Amino acid sequence: MERVARELRRLADARAVGARLPSTRELQQRLGVGPVTVQRALARLVTEGVLVTRPGAGTFVAPRRGTRLGDTDWQQVALGASPVALDGVDFLRFRSASPIAFQLGTGYLDPSLRADSRLAAAASRAARRPDAWGPPPPAGVPELRSWFARQIGADPEEVLITPGGQGALSAAFRALVPAGSPVLFAVPTYPGALAVARSAGLVPVPVPADGDGVRPELLARALAATSARVLCLQPTYSNPTGSLLAPARRGEVLALCERAGVFVIEDDFARWLGHGQTPPPPLWRDDDKGHVITICSLTKILAPSLRVGALTARGPVMSRLAAMRQIDDFFVPLPMQHTAVEMVTGPGWTAQLRTVSAALAARMEALTAALAAELPDCAFENPRGGINLWLRLPRGVDDRVVTTRAARLGVAVMPGRHFVIGEQDASHLRLCVAGIPERDVATAVSLLAEAVRASAGSAARVFGA
Ligand SMILES: Cc1ncc(COP(=O)(O)O)c(C=O)c1O
């Protein structure tokens, strides 16, 4: 592989920026090696920034480092300090070209679990419909609204189609409260939700959760201490802990929010990611006064590029949410919506649910067993479903240091600091089984264990101060 990478680097150096490299087949013949070796070497050079790939078009010579088209330093002066905290938004950059061998970082299914060929067929039918390229009804295609409504237990009129969960979160935060407002988050939480809140000028306030979800006594305290009008939580298989909001707490949390006049954004992102069991119903069903706004998405169960989700709400807030959706990007493209309709109402849907839930259960079992064997000093609670596990690192180990070392060993994980608000008394990692085949889990964990051991003492300055 080293020789092939060297040869490819020579080929790239001899060509102009933007020139196309010979095809993989030609390279195989020219270098006398198999396709896997060529692909690995190409992936290495892509990561090193020597080459870029354009799917369907080929591999090209990347702009050379240090090549400057012009001096952009003026932008630093013009931009000044960022008006929003952009730390931790790195996770939003999808590193699909990365040659990482073991993916415990991504929250999206690997290709082996995705329904890509059925998606391609559905998308091509959707794109050929006579009405395909016209505008849809602003709130979404009626069949899709009805389908989401049935899943949640809502009326179709209460559903707005959104471009996935992220777009729904963004519209919801901005529709509900003005910039500068506090927003309560059950923590640890999904960094993408914190990022959209911060980018809207909102101030995230933590309300700690335990293995049974958000703690009602701390929620009561946070409500009393702030004027927050929004609470954001994931009652079902939360990201990052995989916990469920305990049945006894559901009523208590809703009663507190009702008394304080608070909206609850229920991010129901993992509704179809149980491990063979049916999850509890959405919190939506326990509320008839319009406190709960429920967000669902098809990206986790089907594919990240099927950007289709739903925002469900009742009462006057609905017209504000609908207006915000229009302001953002008008609507979700019709072909995307019709593709989603076919995927969820077609014969493959039940099989997809079964396949994914069995695979996730097996992967999670492999992960918990490997962690118990390889990292006995790390603590975690067994996730009740979903894709995520929250791993507490031994005292003195820094999550960022472990993440960097693990990446060097070929394992992607997420540092826990992005999932929390403010100071913590321990470092964590978020491990996710969506993107890793079961057969790779044990190797990934043993490499991760090596990274953790090599990072002992790395957090001394952070936590010892
Ligand atoms: C808890 C949670 N909510 C929402 C999202 C957004 O997902 P999407 O926009 O792909 O539906 C994610 C993605 O990772 C998530 O983990």
Side-chain angles (χ1 to χ4, degrees), residues 88-96 103-110 113-114 119 140 144 148 151-152 160-173 183 185-197 199 204 209 213-214 231-245 264-273 279 282-283 293-312 325 328-329 332 336-337 339-340 343-344 356 360 383-390 412-414 416 418-421 430-435:
V89 181
D90 296 5
F91 77 94
L92 291 171
R93 278 190 238 129
F94 293 88
R95 298 183 188 142
S96 50
Q103 188 49 268
L104 284 171
T106 181
Y108 292 107
L109 297 179
D110 65 282
L113 288 184
R114 291 199 311 249
L119 265 168
L144 195 54
F148 274 114
Q151 307 299 307
I152 296 159
L160 290 175
I161 301 303
T162 65
Q166 193 70 19
L169 284 167
S170 175
F173 284 130
V183 173
F185 280 89
V187 287
T189 191
Y190 165 54
L194 293 173
V196 287
S199 74
V214 69
L231 163 69
C232 181
L233 42 69
Q234 302 137 22
T236 303
Y237 312 142
S238 99
N239 178 2
T241 64
S243 67
L244 288 173
L245 180 62
V264 179
I265 298 184
E266 174 184 34
D267 183 356
D268 201 15
F269 78 110
R271 170 113 324 254
W272 300 287
L273 306 177
L283 210 49
I293 295 175
T294 299
I295 289 171
C296 292
S297 172
L298 295 177
T299 62
K300 299 280 180 197
I301 180 68
L302 287 171
S305 279
L306 185 71
R307 306 289 320 152
V308 172
L311 193 50
T312 308
R325 279 290 311 126
D328 281 348
D329 48 25
V332 175
M336 191 68 86
Q337 295 197 46
T339 304
M343 293 304 288
V344 296
V356 171
L360 294 182
R384 307 288 299 278
I387 49 182
N388 299 304
L389 182 144
W390 187 233
V413 295
M414 289 271 292
H418 300 322
F419 295 75
V420 297
I421 302 166
R430 199 280 310 261
L431 308 183
C432 188
V433 294

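Keep in mind that the numbers below use all heavy atoms, side chains included, and drop hydrogens, waters and symmetry copies. A quick note: this is a predicted structure, and the numbers were derived from the prediction, not measured. Whatever order the structure lists them in is the order used to number ligands and atoms, beginning at 1.
- The shortest contact between atom 12 (C) of ligand 1 and any protein heavy atom is with Y190 CZ, 3.3 Å.
- Looking only at protein heavy atoms, the nearest one to atom 7 (O) of ligand 1 is Y108 OH, 3.5 Å.
- When every heavy atom of A412 is checked against every heavy atom of Q103, the shortest pair comes out as CB-OE1, 3.3 Å.
- Within the cation-pi definition used here (under 6.0 Å to the ring centroid, within 45° of the axis), K300 qualifies as a partner of Y108.
- Protein heavy atom at the shortest distance from atom 11 (O) of ligand 1 is S297 OG, 2.6 Å.
- Taking every heavy atom of both residues into account, L244 and T236 meet most closely at CD2-CA, 3.8 Å.
- Looking at V332 and R307, their side chains never come closer than 4.5 Å, going by heavy atoms from C-beta outward.
- The shortest side-chain heavy-atom distance between R430 and P188 does not fall under the 4.5 Å cut-off.
- Ligand 1 places these atoms under 4.0 Å from at least one heavy atom of Q166: 6 (C), 8 (P), 9 (O).
- Polar contact check, G165 against ligand 1: a nitrogen or oxygen pair lies under 3.5 Å apart.
- Of the protein's non-hydrogen atoms, D267 OD2, 2.6 Å is the one closest to atom 3 (N) of ligand 1.
- Residues F185 and Q234 form no side-chain contact, since every pair of their non-hydrogen atoms from C-beta on lies 4.5 Å or further apart.
- Considering backbone and side-chain N/O of Q234, none are found under 3.5 Å from N/O of ligand 1.
- Under a 4.0 Å criterion applied to the non-hydrogen atoms of R307, ligand 1 contributes the atoms 8 (P), 9 (O), 10 (O).
- For the pair V264/L233, a side-chain contact is recorded, criterion being any heavy-atom separation below 4.5 Å from C-beta on.
- Under the 4.5 Å side-chain criterion, counting only non-hydrogen atoms from C-beta, I161 is in contact with Q337.
- For the ligand labelled ligand 1, residue G107 lies outside the 4.0 Å heavy-atom shell.
- Given atom 13 (C) of ligand 1, the protein heavy atom at minimum distance is K300 NZ, 3.0 Å.
- The nearest heavy-atom contact from the protein to atom 16 (O) of ligand 1 is N239 ND2, 2.8 Å.
- Distance from atom 8 (P) of ligand 1 to its nearest protein heavy atom, with residue and atom name: T299 OG1, 3.3 Å.
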